[in-house]
Structure formats: structure tokens, C-alpha cells
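Please read all numbers here as calculations on a predicted model, not as lab measurements.
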Amino acid sequence: MEGLLGAFTPHVLALLVGGLGASLGLTYATRTPRAQKALLVLSGRTLALCGLATVALGAALAYRLVPGILGTLLVEPRTASVLQFFVLGAAVGLPLGIPGAIAAWSDARRRDRALRKRKEQPPTKDDRRRYAADIVTQITEMSTTPRTLTADIGGDGGTVLLFEGDIDATEGERLTAALRQDLADLGFKRVEGRKGSREWWSRV
């Protein structure tokens with residue numbers, strides 16, 4: 001019995017890899033820049049139809065595969081196909097990635113609306129100053145240790161985001177990379193920081 005269970009380890013792994021791969025793969029794929037642009041042309045109704053089609057496809061695959069797999073397990077378990085288990089996992093996992101795809105669609109539309117609004121109403125110095133204050137609030141609230149940090153704007157037209165306090169060059173680079181699109185949309189051209197006698201800067 002133990003030998004039989006051990007023989008099915010690859011099948012269980014294939015089932016898990018297929019399910020997680022399809023679910024996480026769909027979520028990741030819809031977060032890529034190219035997919036985000038493609039999602040913008042989809043209406044809510046079209047997205048719902050795509051979701052239903054994905055569920056139907058997964059259900060159809062599972063319906064076709066399960067009887068064959070069960071039949072094999074009952075008659076000759078050791079001949080069960082690893083590939084069939086992988087495809088079954090993918091058939092179940094693909095519909096589970098739909099919520100992630102819907103979230104990606106919502107985020108793409110939200111960013112598109114924000115970008116359109118900013119193009120219609122160019123960001124002002126006050127907008128950039130409020131953004132700087134918000135960033136400091138988020139950093140200090142999410143920090144695991146207390147830190148002293150301030151942020152303001154400077155440079156020509158207030159297009160430089162200036163940090164002073166407990167944020168080093170490595171953190172500054174990561175922060176700039178994570179917020180690059182928002183910073184660019186607001187008109188920031190550079191991020192600078194000073195921690196003690198050490199200074200750093202990063203281009204947006």
C-alpha cells in the first residue's frame with residue numbers, strides 16, 4: 001500500500017503544479033504591461049463572458065478527464081497518466097485565477113481614469129506636495145521600527161521629491177522603482193534623499 005501511495009507522488013505533484021500554475025499564471029499574465037493595455041479595451045460584459053467561457057472550458061476538461069482517470073485508478077492504478085493529472089489541475093486552477101484577472105482589469109481602468117484626469121487637469125505643485133506627505137505617512141505607518149522622515153518638493157517647478165531622514169539609498173531606489181508610474185504621472189523628474197551626511201538620488 002505504501003509503495004502504491006509513493007508511486008502516486010508524481011501525480012499529486014502534477015495536479016498541484018497544474019492548478020497553481022494555471023491560477024497564478026493567469027493572475028501574473030494579466031498584470032503585465034501588454035495585458036494591462038489589452039484589458040482596457042474590454043467592457044465589463046466582455047470580461048464576464050470571458051470569465052464564463054474560462055469556467056466552462058475548465059468544467060468541460062474536468063468532465064472529460066475525471067471518468068478516464070477514475071477508471072484507470074480502479075482498474076490499473078499504476079498506469080495512471082501524470083499528464084492527465086497535470087491537465088486536470090490546470091482545468092480546475094484556471095477558473096480560480098479569474099478573480100485576479102478581474103482585479104487586474106479594475107486596476108487598469110482605475111489607472112487609466114486617473115491618467116486621463118491628470119492629462120485634462122495637469123498636476124500642480126500642491127498635488128505633488130500632498131503626494132509627498134501621503135508617501136511619508138504610508139512609510140512611517142508601515143515601518144516595523146519607528147523612523148523620522150519628512151518629504152517635500154523642490155527643483156524647477158517642484159518636480160523633485162525630497163526626502164530627509166530615515167531612508168537610505170537602497171530603500172530610495174526600491175521606492176522610486178515601485179512608484180515610478182505614479183511619480184511620472186504627477187510630473188516628478190527625480191527623487192532625492194538625505195540621511196545624515198549621506199545623500200542619494202534616483203531618476204524617475
Should the pair [X]-[Y] be classified as a salt bridge under the 4.0 Å nitrogen-to-oxygen rule?
X: Arg194; Y: Glu192; answer: no
X: Asp168; Y: Arg198; answer: no
X: Asp107; Y: Arg31; answer: yes

TODO: Please check if atom CZ in Arg45 has more than 12 non-hydrogen atoms from other residues, nucleotides or ligands closer than 6.0 Å.
DONE: no
Is the backbone N or O of [Y] less than 3.5 Å from a side-chain atom of [X], with the two atoms forming a donor-acceptor pair by type?
X: Arg180; Y: Arg203; answer: yes
X: Thr32; Y: Tyr28; answer: no
X: Glu199; Y: Gly193; answer: no

If every non-hydrogen atom of [X] is compared with every non-hydrogen atom of [Y], which pair is closest and at what distance?
X: Leu42; Y: Trp105; value: O-NE1, 3.1 Å
X: Gly187; Y: Pro123; value: N-CG, 4.4 Å
X: Ala90; Y: Ala22; value: O-CB, 3.6 Å
X: Gly158; Y: Ile153; value: O-CB, 3.8 Å
X: Ala29; Y: Ala35; value: O-CB, 3.0 Å
X: Gly58; Y: Pro95; value: CA-CG, 4.5 Å

Kindly compute the distance separating [atom1] ([X]) from [atom2] ([Y]), expressed to the nearest 0.5 Å.
X: Phe86; Y: Leu13; atom1: CZ; atom2: CG; value: 12.0 Å
X: Leu175; Y: Ile167; atom1: CG; atom2: CD1; value: 5.0 Å
X: Leu26; Y: Thr54; atom1: CG; atom2: OG1; value: 7.0 Å
X: Asp152; Y: Arg128; atom1: CG; atom2: CZ; value: 12.0 Å
X: Tyr131; Y: Leu161; atom1: OH; atom2: CG; value: 8.0 Å
X: Thr159; Y: Lys125; atom1: OG1; atom2: NZ; value: 9.5 Å

Connected via hydrophobic side-chain network under 4.5 Å: [X] and [Y]:
X: Leu39; Y: Ile102; answer: yes
X: Phe188; Y: Val160; answer: no
X: Leu52; Y: Leu57; answer: no
X: Val136; Y: Leu186; answer: yes

Taking C-beta and beyond as the side chain, do [X] and [Y] meet within less than 4.5 Å on heavy atoms?
X: Thr176; Y: Leu183; value: yes
X: Leu88; Y: Leu15; value: yes
X: Leu179; Y: Ile135; value: yes

Return yes if a side-chain donor-acceptor contact under 3.5 Å exists between [X] and [Y], otherwise no.
X: Asp127; Y: Thr124; answer: yes
X: Thr140; Y: Ser143; answer: no
X: Glu173; Y: Ser202; answer: yes
X: Gln181; Y: Asp185; answer: yes

Open item on the list: Is the ring pair Trp200/Phe163 parallel, tilted or perpendicular, if the boundaries are 30 and 60 degrees?
Closed with: parallel
- [ ] Using salt bridge (Lys or Arg N to Asp or Glu O under 4.0 Å) as the criterion, list what pairs up with Arg147, not counting sequence neighbours.
- [x] Glu171
Task: Non-neighbouring partners of Arg174 that pass salt bridge (Lys or Arg N to Asp or Glu O under 4.0 Å), sequence neighbours left out - done: none
TODO: List the steps, then state whether salt bridge (charged side-chain N to carboxylate O under 4.0 Å, His left out) holds for Arg116 with Asp112.
DONE: CA-CA 6 Å; Arg116 289 173 183 271; Asp112 184 61; 2.8 Å; yes
